[in-house]
Amino acid sequence: NAGVTQTPKFQVLKTGQSMTLQCAQDMNHEYMSWYRQDPGMGLRLIHYSVGAGITDQGEVPNGYNVSRSTTEDFPLRLLSAAPSQTSVYFCASSYSGRGSYNEQFFGPGTRLTVL
Amino acid sequence: DQQVKQNSPSLSVQEGRISILNCDYTNSMFDYFLWYKKYPAEGPTFLISISSIKDKNEDGRFTVFLNKSAKHLSLHIVPSQPGDSAVYFCAATGGSGTYKYIFGTGTRLKVLA
């Protein structure tokens, strides 16, 4: 199993550009989520999904869109990048979002810089 | 309003000694707590968890204690090893119908050889 994969590893954008961060998992997990990590702020939940076709907002959803058309993929779209979105982005998945099997597996992260 | 707090940004411990990392939460609806470990340039990895129906969970050198009345949990690492040097995050989730995980800001543990 490859686990959770994220592409790209690094990205530099200019203000106003749009892009999609890719996330895929091969563990048949129902639950997937996106976090951003900023210095002194820990990990903050952006969006999550409890299954294909179902998404919901986390703590910091503004400026980001998600969709979940398959169990495996959960892309994160930045609609119009802003310097405040400079961060490290982590995708995670788990068997279930609740109960005993909700330990999340994280991808290696995407480091995004917005100029 | 931060619902999960790790008030110690860093901790240094001698190899072989006990490391104690603390975490406080404010939301009484949280019913499941997790600890993750993160090395630089990698994603967090799951370490240990505890349900609110328990007050202790042990896995090898790692033990998590939960004090619901104080809304406090702690991670004990005994004995500490240099490879344990990492950032540790606690996370909480719970309440009916919620799938949101709230993370603390992390504690950087340095185990000195």
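Naming convention: chains lettered A, B, ... in sequence-line order (proteins, then strands); numbering from 1 in each chain.
Hydrophobic cluster membership differs between L109(B) and F46(B), with clusters built from Ile, Leu, Val, Met, Phe, Trp and Tyr side chains linked at under 4.5 angstrom. Linking Ile, Leu, Val, Met, Phe, Trp and Tyr residues whenever their side-chain heavy atoms come within less than 4.5 Å places L13(A) and V66(A) in a single cluster. Both M32(A) and I46(A) belong to a common hydrophobic cluster when Ile, Leu, Val, Met, Phe, Trp and Tyr are linked at side-chain heavy-atom distances under 4.5 angstrom. In the hydrophobic clustering of ILVMFWY residues, with side-chain heavy atoms under 4.5 Å counting as a link, V88(A) and L21(A) come out apart. One hydrophobic cluster holds both I102(B) and L47(B) under the rule that ILVMFWY side chains link at heavy-atom gaps under 4.5 Å.
Taken from CD in E103(A) to CG in L34(B), the straight-line distance is 6.5 Å, to the nearest 0.5 Å. Expressed to the nearest 0.5 Å, how far CD of E59(A) lies from CD of Q3(B) amounts to 7.5 Å. Put simply, CD on Q2(B) and CZ on R44(A) are 9.5 Å apart, with the number rounded to the nearest 0.5 Å. Taking OG1 of T105(B) as the reference point, atom CD of Q37(A) lies at 10.5 Å (rounded to 0.5 Å).
Within a 6.0 Å radius of CZ in R17(B), no more than 12 heavy atoms belonging to other residues, nucleotides or ligands are found. For M41(A), the CE atom counts as loosely surrounded, since its 6.0 Å shell holds 12 or fewer non-hydrogen atoms of other residues, nucleotides or ligands.
Chain A forms the most heavy-atom pairs under 4.5 Å with one residue out of G43(B), G106(B), G104(B), P44(B), and that residue is P44(B).
With contacts defined as side-chain heavy-atom distances shorter than 4.5 Å, the pair K38(B)/F90(A) qualifies. Under the 4.5 Å side-chain criterion, counting only non-hydrogen atoms from C-beta, Y48(A) is in contact with K100(B).
If you measure heavy-atom distances from A41(B) to chain A, the contacts under 4.5 Å come from the backbone alone.
Taking the six-membered ring for Trp and the full ring otherwise, the centers of F106(A) and Y36(B) sit less than 6.0 Å from each other. Residues Y35(A) and Y101(B) place their aromatic rings such that the two centres sit no closer than 6.0 Å.
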